[in-house]
There are 2 protein chains.
Amino acid sequence: MAATLHDVAHLAGVSIKTVSNVVNDYPHVRPETRHKVQRAIDELGYQPNATARSLRSGRSGAIGLVLPELSLSYFAELADEVIAEAEKHGLVVLIEKTGASREREIAVLSSPRMRLTDGLIFSPLGMGQDDAELLAVDYPLVLLGERIFGSPVDHVTMRNVEAARAATEMLIGLGRRRIAVVGAHVDEGVGSAALRVQGYQDALAAAGIPFDPALVAYTTLWHRANGAASMRELIDSGVHFDAVFGLNDALTLGAMRVLQEAGFRVPDDVAVIGFDDIEESRYAVPSLTSVDPGRASIARTAVQLLVRRIGEQGGRPADPQEVLVDFEIVPRESTGTGSLAVASSSAATPAAR
Amino acid sequence: MAATLHDVAHLAGVSIKTVSNVVNDYPHVRPETRHKVQRAIDELGYQPNATARSLRSGRSGAIGLVLPELSLSYFAELADEVIAEAEKHGLVVLIEKTGASREREIAVLSSPRMRLTDGLIFSPLGMGQDDAELLAVDYPLVLLGERIFGSPVDHVTMRNVEAARAATEMLIGLGRRRIAVVGAHVDEGVGSAALRVQGYQDALAAAGIPFDPALVAYTTLWHRANGAASMRELIDSGVHFDAVFGLNDALTLGAMRVLQEAGFRVPDDVAVIGFDDIEESRYAVPSLTSVDPGRASIARTAVQLLVRRIGEQGGRPADPQEVLVDFEIVPRESTGTGSLAVASSSAATPAAR
DNA sequence: CGACCGGAGTACAACGTTGTAGTATCGAGT
DNA sequence: ACTCGATACTACAACGTTGTACTCCGGTCG
C-alpha cells in the first residue's frame, strides 16, 4: 500500500540507496539528483517505514511508561509531563497500566508486548523491596517511587520524609497540637505511606508533641473514597483533633469533604494539608494546602536519565543514579494561609475541551 | 546483546525456522525437538524481537491515542478506558498530546513519529469542520468528539444535544426558570459547546421559557479557572439566576466554588448540573449532578472499530460508521437529588498510590 | 602523463523474523 | 518394488531500511 524507498527509486530512476541518502540529508548527492528524488517522494507521498528503521537501527524512538492508573490525577499529570519531556527528545510514549497489582507489574517487566520500546519508566505500587532484583533487566529502566531502594537501576524519588515533616511542622506552626494522619498503611515498612508517617512523627518529636496512635487513620488505597471513609471513622471514634495531614491529595479531598459534612469548619476548627499538589486541590472548597513533591522535576529527570541510558554504547554503563528532587509547600485556604480569590490566581492552564 | 532465533538455533543444534516454529507453537515438531529447543530458549532467555516481527507481519500491535491533554480528567479517564480495552485485544497504546492546537493536531496526523502504530484514535479540539478532508489518511483512523462530522472515517460521538436538553429539563423539572449556562463559545457553530447550548435552548423552548442571552457566560477554555472566572462575571453583572448548567464538569466545579464563596447556597439558592461525570464530581462539596455522556462506551467502541479496520484485508473497506453512544444523568446533591452520604457510595475504585 | 583524490552514485549485506518451497525419511497401500 | 502422503525439518527469500565497500568519473598534482 504505502510507498517504499524502492518505489521512489524506481520512479526517480536512481538507486534505492540514493533515495535513502536524500531522505536522510546525506552529502554527496548532486542538487539536481536531490530535486528529482524529492519530486518522486512528493508524488508518491513517501513516508519512511518506522518499523524497518527500528529494526535496522535497534532504536524504536518510543519509551514505555508503566503506571498504576491514569485516572489518578497524580499519575495523569505525571504522564503529561513525561510525554512533554519525551517529545523534546524526539521520543513517543507508550503507556501501560498495572492497576497497582504486583503480578501485573512483574509481568510488564518481562512482557514482550513492551519490546517495542527503547526503555521503561517504571512506577510500581505493588512490588516491594524484596522484588528488587527483578528490576535488573537487560534494557534501560528508570524506577520511580518509594517502593524499592538500592536496586541497581536509576531511581528518581521525592523527599518523602522531609516533605512530610515540613507539612507537619507547618501545622504545628499554626498552633495545632492534635494532628491526625489519614492514609497510613498497616504493617508496611516500605513505600510512601511509611515514609510520610515517619516524617510526621519526626516533626512531632522535634516539637515535643507526644505521638498518639489514635490519631492515625489507616486505609488500603489512596482514593477519595478511602479518605472519606477513614475520616468518618475518625470522627465516629470521638478522638479530638485540630488538624489533618493527608498522605495524598485525593485522600485529603475526600476527608475534607466528610469533615465539612460533619460540621467542622476548615481551617478554623481543623486545618488540613495534603500531599501531591494535584490541580484540583487548587479549586477545592476550601482550596487545599499541599506539598508539591516535585512532580514536574521527577518527570523531566526520569526521561533524561532514560535517554542517557539508551544512548549508552556497548562500553561499561554508568553507575546507577539515585536522584532526589526538591519539594515545596503550596499554602492555600485549608491552612488559613492562602488567598481567598481563586479566579484571579488562575495560573497557566493550557487547554480546554 | 539480546538473544535471537539464530543464537537459540545454534545452541539447540536445529535450524532457525524450527525454533521459530516452537516459539509460535506450530505443529509438526517432534516433542523431543520441542523440548530441546525450549531448553535453549530458557537458557538464553530468548525473547522475540517485536520490531522484526512487526516488519515481517506489517503489524506493530500498538495503536495511537491522540488527545489534547492528559491532565484534564475527562481525557485521563478516557485514556484509561482505551488502554484497558486495547489490552483485551492484545494491543498496547501510544499516547500523543496536542495541547488542543490545530497545527499540532494536523501535524500528528501525518507524523512519521506515529508510524509505529497500526492505527489512531484521534480526538481533536483545534481542528474544525473545514479540516474534514485532512482525516482521509491512508491508515486506520477512528475519530472522537464533535468537531468534525461527515468525514469518511469511523466516528464515535455522544448525544450532545439530547444530553444537554435532558440536563436542562432536569433543572426545569426542579422548578428553576432562570438557568445560566457556563462555557459557551463565541461565534462557534461547531463543537461540544455549540451543541450543548443548542440542547439547552431546545429545552427552554419546549418548556416555553424565553431564552435570555444575559444568562450565557462565555469562556475560551474549559478548565476550572475559566468556570470560576465566568461565574464571577455573571455574579458581578447582577443578573438573577436560580440554576447553572455547566458545559463540562471542570468548568462547573470552578463555577460552583465561586458561587459558594459569594454566599449562594447550592442547591437551595442555585441548583447546579455539569457534564462529563468525572470522578471528582462525586466528591465535590456539594457533590455535583452531572451528565455521563457514555465515556466508557466511547472508549470501548472506538477501540473495537479501530481493531475492525486494522483487521481489514485488501478488499474494499467497510463504509465509515458513525456511532452515537447513550448518555445518562447522575443525580447528586448539587440539584438536591443525590444522597448526602458519600463515603458509602464509594463505588469501585481500582487503585491507590 | 600517470597516480591520486574526492564526489556521485550503486550493489550488497544485514537487522530478526516468518511464509513458501523444498528435501529426507518412514509407513502404508497397490 | 513403487508411489503416495504424511511428518519433521531445512534453505531461502522477503519485509524496508541503512552501513560498508565498491565503481566510475573528472580534476589536480608531481
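Below, chain A is the first sequence line, B the second, and so on; all start at residue 1. Computation of the quantities below employed the complete heavy-atom set of this structure, encompassing side-chain atoms and omitting hydrogens, waters and symmetry-equivalent molecules.
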Phosphate-side-chain proximity, [X] and [N], N/O vs OP1/OP2 below 4.0 Å:
| X | N | answer |
| --- | --- | --- |
| A/Asn24 | D/dT18 | yes |
| B/Thr4 | C/dG16 | no |
| B/Thr18 | D/dT10 | yes |
| A/Ser20 | D/dT18 | yes |
| B/Arg56 | C/dG16 | no |

Nearest-angstrom distance from the residue atom [atom1] of [X] to [atom2] of [N]:
| X | N | atom1 | atom2 | result |
| --- | --- | --- | --- | --- |
| A/His6 | D/dT18 | NE2 | P | 15 Å |
| B/Ile16 | D/dC9 | CD1 | P | 16 Å |
| B/Tyr46 | C/dT18 | OH | C1' | 11 Å |
| A/Leu116 | C/dG16 | CG | P | 16 Å |
| A/Asn49 | C/dC15 | CG | P | 18 Å |
| B/His10 | D/dT10 | NE2 | C1' | 17 Å |
| A/Leu5 | D/dT18 | CG | C1' | 9 Å |

Check: When the nearest nucleotide of DNA chain D is assigned to B/Ser57 and to B/Val14 on a heavy-atom basis, which residue is associated with the more 5' position?
Finding: B/Val14
Item checked: Whichever of A/Tyr26 and B/Asn21 has its nearest DNA chain D nucleotide further upstream toward 5' -> B/Asn21
Next item on the list: Take A/Glu87 and B/Lys97 through the side-chain contact (heavy atoms from CB on, under 4.5 Å) test and state the conclusion after the steps.
Entry: CA-CA 10 Å; A/Glu87 196 189 333; B/Lys97 63 171 195 157; 5.6 Å; no
Notebook entry, point to check: Got a sec? Which of residues 28-43 of chain A come in under 4.0 Å of DNA chain C, heavy atoms?
Noted result: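 Output list: A/His28, A/Val29, A/Arg30, A/Thr33.
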Notebook entry, point to check: Short question: side chain of A/Glu105, backbone of A/Met127 - any donor-acceptor pair under 3.5 Å?
Noted result: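 Yes, because the side chain of A/Glu105 sits within donor-acceptor range (under 3.5 Å) of the backbone of A/Met127.
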Atom pairs and distances, donor-acceptor, side-chain atoms in residues 18-33 of chain A, under 3.5 Å, two or more places apart:
from	atom 1	to	atom 2	distance (Å)
A/Thr18	OG1	A/Ser15	OG	3.3
A/Ser20	OG	A/Asn24	ND2	3.4
A/Asn21	OD1	A/Lys17	NZ	3.4
A/Asn21	ND2	A/Lys17	O	3.4
A/Asn24	ND2	A/Ser20	O	2.8

Next item on the list: Locate the shortest heavy-atom distance separating B/Gln321 from B/Arg309; write the atom from each residue and the value.
Entry: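 Nearest heavy atoms, B/Gln321 then B/Arg309: N-NH2, 4.4 Å.
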Item checked: Over all atoms of both residues, closest heavy-atom pair of B/Gly64 and B/Thr117 ->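 Heavy atoms only, the tightest pair is N-CG2, 3.6 Å.
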Note to self: Between C/dG9 and A/Lys17, counting only base atoms on the nucleotide and side-chain atoms on the residue, is there a donor-acceptor pair under 3.5 Å?
What the structure shows: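 For A/Lys17, whose side chain was compared with the base of C/dG9, there is no donor-acceptor pair (under 3.5 Å).
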Check: Is there a donor in the side chain of A/Glu146 and an acceptor in the side chain of A/Thr157, or the other way round, less than 3.5 Å apart?
Finding: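 A/Glu146 vs A/Thr157: donor-acceptor pair found between side chains.
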Next item on the list: Take B/Ile95 and A/Leu70 through the side-chain contact (heavy atoms from CB on, under 4.5 Å) test and state the conclusion after the steps.
Entry: CA-CA 12 Å; B/Ile95 296 187; A/Leu70 263 179; 4.2 Å; yes
Next item on the list: Tell me which nucleotide among D/dT17, C/dG16, C/dT18 gets nearest to the side chain of B/Leu55.
Entry: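 Nearest to the side-chain atoms of B/Leu55, counting from C-beta on, is C/dG16.
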